[in-house]
Amino acid sequence: MPHPTQPVFDGHNDVLLRLWNRAAAGEDPVAAFIDGTPRGHLDAPRARAGGLIGGLCAIYIPSGDLVLKKADAKGHYATALAAPLARAPSLDIALEMAAIAFRLERAGGWRLCRSTADIRAAAAAGVFAAVLHMEGCEAIGADLAALETFYAAGLRSLGPVWSRNNIFGHGVPFAYPMSPDTGPGLTPAGVELIRACNRLGIVVDLAHITEKGFWDVAGITDQPLVVSHSNAHALTPVARNLTDRQLDAVRESGGLVGLNFATTMLRADGREDARTPLADMVRHIRYLVERMGVAHVALGSDFDGATIPAEISDASGLPALVAALAADGFASGEIAAIRQDNWLRILARAWGETV
Ligand code: ZN
């Protein structure tokens, strides 16, 4: 069945975290995705309604101790990094989230995709194309044995760190205003992780890593630089957003940046506020396109992982963003690049497909 709206492939969501939380609350996570619920942002009915054909679905280990700092009168805040996590309990949670992904596939709720041909076939069949991603590698030991296992299970993308430190590297805190240059970068184990990802054909995602870590990866990877869900630091100076120098490096590498819909990363004042207008999303996309070229800009919604603009509300609201881009003067070919084509090109390259 063709999609009624313009198809979108999205670079980052936390639906597995939401479903894992539903399972912990005694609900059926498979039914929650297939039948849909009013909760959160992403499930099969709302993806279909919004033209969302698929996306990178994160295995993410929650930091239970993380309490986001409230902004002061000036709107400034600086949340300390979450504490590092132990590997064994992290691995347990990663396996539980992966199990939800496999059960969903067995039930026909989505298809786990290992190639862009898989993604196109799922889209043609009207089934959500899920790519397994790991956001922070606390579940993986320095011997990388778990990396091999997760790869065999379908893992095709990972961020070495989330916004906390681990054996592979250092993350940026949630802070406004703040530079992303907040500390050290990759560790020696992190260097080995990047090399293994290059060897296996796993995307290395630089969202959440320090600026130093970004440059460390840039210096050793043989892949284009990918930042799945971050925006322009020049417009919203949170530590999670990218400086102009970083954007230039992404362009030079042939990589991409996916627009994060989190209002804290879109608004000039960095506040969490669902009343953030679509214009702020368009403004960031326009800036990224002017700085890097349209071939290097894509979407990374952070559905189920952040407060997003009410005008989008959930996955079914994606056509509103597509319409806003058209209204701002983007040509249909440019919009196609942003909503889907750039991600598919980058994934094909990272996965060693002939393109
Ligand atoms: Zn994230």
Side-chain angles (χ1 to χ4, degrees), residues 10-21 40-42 55-69 77 79-85 90 93-94 97 130-140 155-166 168-176 178 180 182 202-211 213-214 217 225-233 236 238-242 246 250 255-267 270 272 281 284 288 298-309 312 315 343:
D10 179 60
H12 188 82
N13 70 69
D14 286 303
V15 69
L16 283 173
L17 172 65
R18 185 169 64 80
L19 296 176
W20 179 80
N21 280 321
H41 300 142
L42 175 56
L56 278 79
C57 301
I59 291 172
Y60 160 75
I61 315 305
S63 271
D65 64 329
L66 186 70
V67 180
L68 291 173
K69 271 274 189 336
Y77 63 91
T79 300
L81 282 182
L85 300 178
S90 300
I93 292 171
M97 287 194 196
V131 173
L132 217 47
H133 169 78
M134 190 171 275
E135 186 175 25
C137 289
E138 280 80 0
I140 297 173
L155 186 74
R156 289 296 179 273
S157 172
L158 64 76
V161 296
W162 184 67
S163 286
R164 66 191 163 221
N165 301 330
N166 63 26
F168 300 112
H170 299 80
V172 284
F174 297 102
Y176 174 96
M178 190 175 279
T182 57
I202 296 177
V203 173
V204 175
D205 178 8
L206 301 174
H208 290 282
I209 204 166
T210 58
E211 183 172 1
F214 175 98
V217 173
L225 301 177
V226 171
V227 191
S228 69
H229 58 303
S230 292
N231 300 335
H233 196 271
T236 306
V238 286
R240 275 276 288 107
N241 281 342
L242 300 166
Q246 288 178 294
V250 170
L256 69 70
V257 173
L259 181 83
N260 194 321
F261 297 5
T263 64
T264 52
M265 295 169 69
L266 288 169
R267 297 169 62 89
E272 183 175 11
M281 304 178 79
H284 271 274
L288 295 171
L299 302 179
S301 65
D302 223 346
F303 283 145
D304 286 330
T307 297
I308 67 171
I312 300 289
W343 263 121

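Counting starts at 1 for both ligands and their atoms, following the listed order.
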Worksheet item: What are the protein N, O or S atoms, given as residue plus atom name, that sit under 2.8 Å from the Zn ion (ligand 1)?
Response: Glu135 OE2, His208 NE2, His229 NE2
Fill in: Partners passing salt bridge (Lys or Arg N to Asp or Glu O under 4.0 Å) against Glu138 (at least two apart in sequence or in another chain)
Arg164
Worksheet entry | Residue list, salt bridge (Lys or Arg N to Asp or Glu O under 4.0 Å) with Asp304, at least two apart or on another chain | Arg18
Discussion item. Parallel, tilted or perpendicular: which one describes the rings of His12 and His229, with boundaries at 30° and 60°?
Written reply: parallel
Worksheet, complete the sentence: Between the CG atom in Leu155 and the CD1 atom in Ile202, the distance rounded to the nearest 0.5 Å is 5.0 Å
Worksheet item: Excluding sequence neighbours, so at least two apart, what forms side-chain contact (heavy atoms from CB on, under 4.5 Å) with Pro62?
Response: Leu17, Trp20, Tyr60, Ile93, Met97
Worksheet item: Does the side chain of Thr210 reach to within under 4.5 Å of the side chain of Val161, using non-hydrogen atoms?
Response: no
